[in-house]
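One structure below.
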There are 2 protein chains.
Amino acid sequence: MFVELDLQSEVPIYTQLVEQIIEGIARGQLKPGDPLPSVRSLAADLGINLHTVNKAYQIMKQEGFLQIHRKQGVVVQSGGMPGVTAEFEAKLERQLKALAAEGVVRGMQEETFVRSCLDVFRQLQGNSGKEDS
Amino acid sequence: MFVELDLQSEVPIYTQLVEQIIEGIARGQLKPGDPLPSVRSLAADLGINLHTVNKAYQIMKQEGFLQIHRKQGVVVQSGGMPGVTAEFEAKLERQLKALAAEGVVRGMQEETFVRSCLDVFRQLQGNSGKEDS
DNA sequence: CTATTTGTTATATTTAATATATAACAGATA
DNA sequence: TATCTGTTATATATTAAATATAACAAATAG
């Protein structure tokens, strides 16, 4: 897989997993119905415990990004991704506020800040919806 | 003070403190040279330990947002706030990427995402430096 | 059917971060 | 000098994160 962990990071491993898999879906590297490695194989591949992988998978299943079958394993949600929920909007605003506040204090220009947001968004969305049939 | 803690939050108390004080500076509620409560009085006020307050102050001193004198106490940086450092840019991009990726997966429109970023930024910057009545 | 692979659950342990509790120390200042 | 400031030093409790084993249950391939 395209996952690369930083074991020294303050960000928990299972969080890094969740973020990178979501990023993979956003970039179109993972498409609806695509299979993900089993918890055991991915754990062995990354040199971590299977429960850490399972925790990430569980979170993404709970949020609706993944589907899990018994023997088939884990696949990317094929029945429509979750939309922009109130919870996500709240999380977005809360985290944006902290980032924007520090930007303001550091004297960042409004255009610079918004430009960064736009660039990051486009770089992710750029390769996404190419599979549209 | 304007600080309100959520003791049940997964966000550490000292982090909530740092974020809310930075937000206060961004909003102009705290201006360069303004004094902050002593670690003991703020801790008592919030019903937390003085070391938790001290940890937040230390982080903000280390980053250059606060100045600390022996008896005078803690004041907002009056010798110029830290600018947009490479570290901040890295943090900004890393967190924005996670937020934008989830937004993309959830089918959020580019304009909607950028609009949120702009709105949040403006709401903070709007009042900076105008609090002088 | 049988064996294998899947996610799942259960228990236990280790490590690190968070937060608290006391106490004492050292500089500035009224 | 007395007092308030941040600071440092220990110690402790709690929780989250991660690991380690083991076993279970469902789906599937042979």
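No hydrogens, no waters, no symmetry mates; every other heavy atom, side chains included, goes into these values.
Within the structure, a side-chain polar atom (N or O) of B:Tyr14 is placed less than 4.0 Å from OP1 or OP2 of C:dT18. B:Lys55 has no side-chain polar atom (N or O) that falls below the 4.0 Å cut-off from OP1 or OP2 of C:dA19. Taking 4.0 angstrom as the limit, B:Thr52 places none of its side-chain polar atoms (N or O) nearer than this to OP1 or OP2 of C:dA19. For A:Lys61, a side-chain nitrogen or oxygen approaches OP1 or OP2 of C:dT8 to under 4.0 Å.
Nearest-nucleotide mapping onto DNA chain D: of A:Arg40 and A:Val11, the residue sitting toward the 5' end is A:Val11. For the pair B:Ser41 and A:Pro12, nearest-nucleotide mapping onto DNA chain D gives the more 5' position to B:Ser41.
Rounded to whole Å, the distance from CG on A:Asn54 to C1' on D:dT19 is 14 Å. If you measure from atom CD1 of A:Ile59 to atom P of C:dG7, you get 16 Å, rounded to the nearest angstrom. Rounded to whole Å, atom C1' of C:dA19 lies 11 Å from atom CG of B:Leu7. C:dT8 atom C1' lies 15 Å from atom CD of A:Gln62, rounded to whole Å. Between B:Leu50 atom CG and D:dG6 atom C1' there is a gap of 9 Å when expressed in whole angstrom units. The distance from atom NZ of A:Lys71 to atom P of C:dG7 is 10 Å, rounded to the nearest whole Å. The separation between B:Gln8 atom CD and C:dA19 atom P is 12 Å, rounded to whole Å. As rounded to whole Å, 11 Å separates atom P of C:dA28 from atom NE2 of B:His69.
Under the 3.5 Å distance criterion, the side-chain polar atoms of B:Gln16 are matched with a main-chain donor or acceptor of B:Val11. A donor-acceptor contact shorter than 3.5 Å links the side chain of B:Ser41 to the backbone of B:Ser38. No side-chain donor-acceptor contact under 3.5 Å links B:Gln67 to the backbone of B:Val74.
The heavy-atom pair separating B:Ile22 from B:Met60 by the smallest distance is CG1-CE, 3.5 Å. Minimum heavy-atom separation, B:Met108 to A:Phe121: O-CZ, 3.4 Å.
B:Gln58 comes within 4.0 angstrom of the backbone, heavy atoms only, and of no base.
For B:Arg70, counting side-chain heavy atoms from C-beta on, the closest listed nucleotide (C:dA26, C:dT8, C:dT18) is C:dA26. Across C:dT22, C:dG7, D:dG6, the shortest atom-to-atom separation from the side chain of B:Tyr57 is found for D:dG6. Nearest to the side chain of A:Ile68, among D:dA18, D:dC4, C:dT8, sits C:dT8. Picking from C:dA24, C:dT18, D:dA18 the nucleotide with the shortest atom distance to the side chain of A:Ile13 gives D:dA18. With C:dA28, C:dA21, C:dT6 as the candidates, the nucleotide lying closest to the side chain of B:Asn49 is C:dA21.
Judged by distance alone with a 3.5 Å cut-off, a donor-acceptor contact links the side chain of B:His51 to the base of D:dT8.
No more than 12 heavy atoms of other residues, nucleotides or ligands lie within 6.0 Å of CD in A:Gln62, so this atom counts as exposed by the packing criterion.
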